[in-house]
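Everything on this sheet refers to the single structure shown next.
Below, read A as the first sequence line, B as the second, and so on, with proteins coming before strands; counting in each chain starts at 1. On a predicted model such as this, the values are computed, not experimentally measured, just so you know.
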2 protein chains.
Amino acid sequence: MAGRIVTSVEVARRAGVSRSAVSRCFTPGASIAPETRDRVMKAAKALGYRPNAIARSLIAGRSRMIAVVIGYMENQFYPALLDRLARDLQDLGYRLLLFTGAPEGPSDALFAEILGYRVDGMILASTLLSSALADECRAAGVPVVLVNRTTDSADVSSVVADNRTGARAVAEFLLAAGHRRFGYVAGIASSSTNQDRETAFRERLAEAGIDTLLREDGGYTQQGARDATLRLLTRPDRPDAIFCANDHMAIAAMDAARVELGLRVPDDVSIVGYDDVGPASWPSYALTTVEQPVEAMVSAAVETLMARIAGEGAPERTVRIPGELVVRGSARRPVEGVTAVGGREIWRPQSLPRSAS
Amino acid sequence: MAGRIVTSVEVARRAGVSRSAVSRCFTPGASIAPETRDRVMKAAKALGYRPNAIARSLIAGRSRMIAVVIGYMENQFYPALLDRLARDLQDLGYRLLLFTGAPEGPSDALFAEILGYRVDGMILASTLLSSALADECRAAGVPVVLVNRTTDSADVSSVVADNRTGARAVAEFLLAAGHRRFGYVAGIASSSTNQDRETAFRERLAEAGIDTLLREDGGYTQQGARDATLRLLTRPDRPDAIFCANDHMAIAAMDAARVELGLRVPDDVSIVGYDDVGPASWPSYALTTVEQPVEAMVSAAVETLMARIAGEGAPERTVRIPGELVVRGSARRPVEGVTAVGGREIWRPQSLPRSAS
DNA sequence: AGAACGGATGCACACGTGTGCAAAGAGAAT
DNA sequence: ATTCTCTTTGCACACGTGTGCATCCGTTCT
């Protein structure tokens, strides 16, 4: 009795109808008489029948599956993203096919696997996408949305935080607090997110007349960030403010400064991150950071993807989600500009008018 | 040209062979002449052909997909588990269908969805499984493995840490350090993992003549753990050692004790967790905890699942993975029994002979 | 040279479902 | 009573692939 799978034929026989009638019972909007439907449903229940989604996908030409590729999971941002993504896709009746461990972008073999499953769409989070692979997707008719990465080598939709605005805000915040010697702990240099954050931060400092930014590579890993921070803070001209490309590294930076070097944060050195992941708000860190709103980013990504799945008319687009600078305890506070909003403190440049919500 | 999917028919036509020959080229071990294979492969490459995994699944009767259900993702243990799981399954040629947000167990609707996709197996992490649903799986011939949960209401395979031994070790460790007043921050009471850890901890204390254990419910959440810790530590007879059902809560407990109450850890109160997740080793916490080896647990789970997929002969079994008590700074150290092994310090009961590795 | 053998190839069926089309049936309108 | 309309139902085809079976061909052995 184990492994016995019931098909619509058996249900039809038991209900005394044709197989088509069974199919129509499980197809919303199909023409079926109420009493026939009842009889079929009763037979289906008794036999434990469930329509075979594989066969349905084959005939329908779409699988209702979305491939999700995530580079790495150590950074808390990605589990949070994945969690939200799974929920949203489930609510829309889609299944999530997960692929992981591809920080440098999916390999050709992996890519072939994904395309072989005839997924209705792909979401790539924190992953590079070569234009060759993007072309392959276009040829196969599979819409793609990048999350937390953009690419200018190919015309692909993407959802990112407004990294340039965020990084400029960090620079202004630190300048307003009186800092003059800055350090930057970089992520992977080829990632668009790191590029945007780094160049915008550097630009805003330059606008304030500060041309030297000490830069060390953290590679988006905690070990790398620790080493980078130690290098920065053991220099004779050590910076008194460090901006880390993300929270994951900022936490390692704080530990390196406080525990390994015995420095006080923020008295001896201010540390600011980016993302506002869960641990950033843990009291032992109380990290000042720029939020990267997971829900909004996922909503935008899913919406963009669904628009492109629905019709060919939807254009490729890049969505930039703004995020507030959340003020906690890891960086010196400017005397002005910090306001309490919704149970947390945020900072907005004083010169600009206050935007909505 | 977009959305055009190439089938084996077109490849066959271009290569001047039958469709069967094309199929055999993509079936390892099939009988095919080398030069035919070359011609077919060349045609496939030119047309961008990839075998349709959906159709293949339909004919083969198995989808090479494994459904993974995870209760929640806040606790770092689960992303780590998922990451490892995805890698292992990928290496074995299986795809991972992810479902999330079901801490109380998958709903009937979700379950029907999963079964509809004719997955070859299911892995349920931190999720309850009713015996009715277990029976449904058995009837459908879908092997199931629980991870980090056991059930005695149904005969289902599972992989768990050796929670009883681990919790006993914690009790002995704290007793050896001279503690006498204990608190326990519980997880969800119905979860087997919490039950095992709590009862074993309590039993070992009782064996030492200590019958009072102050218990507060943390519900596996950080908010719950914070509240529970505050309740424990503001009592007149406050405990000087707290065991939390997992690290996720232990971290919140440390923050509540140190930041909110101004207590020193471990001088005023020792705090011990369970899991050894990433943040446990962050220097700001340096949590003393019992490891729950992710790799070993995932390996065991995958192995168990594969055995049951391969043949009906494999019996249901429960695997218990042992884990060391990792000594860091969040709990008072006993004068004896702590040894350095492989770059970290672990503790083993002195009375017992030292086990291998 | 003929027989035996083994590898390669094509035919045709199967997997389980959705759906267009025609037929059938019932009810209403003339 | 006849015709028209609308709903319901069944037939048959399609989706893209794997594979058993028979056939064919080239090689080797007697």
Treating B:E316 as the side-chain partner and B:S157 as the backbone partner, does any N or O pair qualify as donor plus acceptor under 3.5 Å?
yes
Roughly how many Å is it from CZ in B:R13 to P in D:dG16, rounded to a whole number?
13 Å
What's the CD1-C1' distance between A:I54 and D:dA14, to the nearest Å?
18 Å
Between atom CG in A:N52 and atom P in C:dG18, what is the gap in whole Å?
9 Å
With a non-hydrogen cut-off below 4.0 angstrom, is A:S57 in contact with a base, only sugar-phosphate, or nothing?
nothing
To the nearest 0.5 Å, how far apart are CZ in B:R62 and CZ in B:R118?
16.0 Å
Measure the distance from CD1 on B:I59 to P on D:dT17 and round it to the nearest whole Å.
12 Å
Centroid-centroid under 6.0 Å between A:Y49 and A:F26 rings
yes
Would you say the side-chain atoms of B:S191 and B:Y220 include a donor-acceptor pair closer than 3.5 Å?
yes
When the distance from CD1 of B:I5 to P of D:dA14 is rounded to whole Å, what number comes out?
16 Å
When the distance from CG of A:L58 to C1' of C:dT17 is rounded to whole Å, what number comes out?
8 Å
Contact letters for nucleotides 8-13 of chain C, in which S counts primed atoms plus P, OP1 and OP2 and B counts the base, heavy atoms under 4.0 Å:
BBBBB-
Nearest whole angstrom, please: distance from the P of D:dT17 to the OH of B:Y49.
4 Å
Are B:E136 and A:R50 side-chain neighbours, meaning at least one heavy-atom pair lies under 4.5 Å?
no
Distance check needed: D:dT8 C1' versus A:D38 CG, whole Å only.
15 Å
Could you check whether any side-chain heavy atom of A:Y72 comes within less than 4.5 Å of a side-chain heavy atom of A:T221, counting everything from C-beta outward?
no
